[in-house]
2 protein chains.
Amino acid sequence: MSLAKRNYSRGDYLYRSGDKFRSLYAIHSGSFKTQVLHDDGREQVTGFQMAGEIIGLDAISTDIHTCEAIALESSVICEISFNRLEALSREIPPLQRQIHKLMSREIVRDQGIMLLLGSMRAEERLAAFLLNLSQRYAARGLSPTQFNLRMSRQEIGSYLGLKLETVSRAFSHFQEAGLIIVKIRAIEIIDLSGLQACLSRG
Amino acid sequence: MSLAKRNYSRGDYLYRSGDKFRSLYAIHSGSFKTQVLHDDGREQVTGFQMAGEIIGLDAISTDIHTCEAIALESSVICEISFNRLEALSREIPPLQRQIHKLMSREIVRDQGIMLLLGSMRAEERLAAFLLNLSQRYAARGLSPTQFNLRMSRQEIGSYLGLKLETVSRAFSHFQEAGLIIVKIRAIEIIDLSGLQACLSRG
DNA sequence: TACGTGACTTCATCCTCATCAACAACCACT
DNA sequence: AGTGGTTGTTGATGAGGATGAAGTCACGTA
């Protein structure tokens with residue numbers, strides 16, 4: 001297994017749309033965003049990935065990357081040769097199953113975002129976003145209620161289908177409502193269940 | 001390989017959210033919609049599938065179906081045992097590669113919809129939808145410019161993140177602009193490149 | 001200290017799309 | 001034909017979020 005580690009700084013591309021597909025990338029530390037580009041220049045952030053997650057699954061389909069991945073901070077990446085991974089997985093059924101689960105999980109995640117983009121309003125989207133981050137930090141043994149955002153308001157907006165001003169206003173509104181405390185990129189969640197209620201209230 | 005064929009009528013469930021995962025389903029003829037449900041009752045159509053396409057990939061992740069699939073018309077389904085498919089694919093590398101491509105293609109498709117939902121306006125969304133259908137009918141040897149919609153305005157709206165009234169208006173507007181002719185569910189595309197222009201114009 | 005820059009917030013205004021409601025077309029069943 | 005139910009069209013109105021511009025804050029540099 002080729003497991004070469006490589007460093008990336010904020011803004012570095014891990015791969016670009018159109019690049020030939022060779023490997024999957026496991027985030028060893030740090031975080032990335034992935035985004036797709038439209039002909040007319042519009043871009044849509046399709047996900048934020050953090051340590052322990054795998055990027056590059058989109059490219060298996062055509063052997064060409066269809067989106068691009070950019071480091072949000074200093075990060076370390078393990079490159080995984082896909083040919084070797086496929087070969088290995090033929091000999092190790094549990095590995096095969098893991099790969100399938102990994103890809104399926106990505107499909108389920110995307111469906112959740114479609115639900116969010118298709119039928120939630122601005123503040124529900126932001127609440128869902130914060131709760132998702134909270135869960136993922138918790139799953140890594142970090143605080144689920146205090147963390148620093150790695151991405152800008154603009155990037156959050158692109159991910160959630162909103163303009164950055166709307167994101168900014170929703171943050172302010174949550175703060176006024178006593179749900180969170182926002183200091184630019186430092187977030188403290190005061191009332192987790194209040195945020196959850198924000199979601200189910202429709 | 002268990003390839004039992006089964007018939008479904010309009011409205012029949014192929015599987016429901018929460019069902020145990022056992023098989024993938026290949027659509028032999030007919031068409032389906034898949035949708036996810038939200039706690040508060042909201043639902044979001046995540047895709048329309050037609051003959052030759054595979055449904056059920058979402059369930060591999062947790063062994064539980066996370067969305068539901070419903071027949072849009074009389075349809076025939078081939079059920080494919082996933083355990084046997086995995087076993088076979090260990091012996092037939094090209095099959096393994098096909099499965100990976102299939103799942104990756106689904107991820108790419110979802111990213112396209114995220115782009116649509118996150119950054120396009122109503123008429124662009126409908127144009128993208130019609131062009132996508134057109135391509136898929138063409139790929140099946142059917143007319144890319146004349147076809148019958150299998151789904152209601154409500155279902156199109158749910159898929160595109162719009163209300164059915166907005167969908168209806170967008171259809172009327174395209175017709176006034178001479179791009180298409182709409183007779184309820186019968187669509188004729190008059191000006192394909194005009195529809196494409198509708199997209200890139202932003 | 002002064003200046004410049006980039007990221008975030010706030011405000012006033014405008015536009016798109018959702019909402020509510022009335023109506024028309026079509027189907028299945030009497 | 002008559003009836004009710006479902007689906008689609010159209011119009012008037014309003015709300016949510018986009019837009020554009022200006023203001024604030026933190027930080028780096030001279």
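Given the structure is predicted, the values throughout are model-derived calculations rather than measurements. Here is the naming used below: chain letters follow the sequence lines, and residue numbers restart at 1 for every chain.
- At least one donor-acceptor pair closer than 3.5 Å links the side chain of B:T46 to the backbone N or O of B:T34.
- A:E165 comes within 4.0 angstrom of a base, heavy atoms only.
- For A:H173 and C:dT10, the NE2 to C1' distance is 15 Å, given to the nearest whole Å.
- Residue-level contact check: A:L162 touches the backbone only, with heavy atoms under 4.0 Å from sugar-phosphate atoms and none from bases.
- Using a cut-off of 4.0 Å between Lys/Arg side-chain N and Asp/Glu carboxylate O, B:R6 and B:E79 are scored as not salt-bridged.
- Per the geometry, CE belonging to B:M120 stands 18 Å off C1' belonging to D:dA18, to the nearest Å.
- Note: CD1 (B:I156) to P (D:dG8) measures 8 Å, nearest angstrom.
- With respect to the salt-bridge test (charged N to carboxylate O, under 4.0 angstrom), the residues A:E53 and A:R140 qualify.
- Phosphate contact (OP1/OP2 of C:dA18, side-chain N/O of B:T166, threshold under 4.0 Å): present.
- The 5' end of DNA chain D is approached more closely, in terms of each residue's nearest nucleotide, by B:S168 than by the other of A:E123 and B:S168.
- For the pair B:R121 CZ and D:dG17 P, the computed distance is 16 Å after rounding to whole Å.
- Counting distance only, with no hydrogens placed and no angle test, the side-chain atoms of B:R169 and the base atoms of C:dT19 include a donor-acceptor pair under 3.5 Å.
- With respect to the salt-bridge test (charged N to carboxylate O, under 4.0 angstrom), the residues B:R42 and A:E124 qualify.
- Of the residues listed (B:R150, B:R185, B:K33, B:R10), the one engaging B:E73 in a salt bridge (Lys or Arg N to Asp or Glu O under 4.0 Å) is B:R150, and it is the only one.
- Atoms CG (B:L149) and P (D:dT7) sit 15 Å apart, rounded to a whole Å.
- Between A:L160 atom CG and D:dA18 atom P there is a gap of 11 Å when expressed in whole angstrom units.
- Within the 4.0 angstrom heavy-atom criterion, no nucleotide atom of any strand lies near A:G157.
- B:R185 comes within contact range of the sugar-phosphate backbone alone, with a heavy-atom separation under 4.0 Å but no base atom that close.
- Taking atom CZ of A:F174 as the reference point, atom P of C:dT9 lies 13 Å away to the nearest angstrom.
- Here C:dA7 presents its P atom at 13 Å from CG of A:L72, a figure rounded to the nearest Å.
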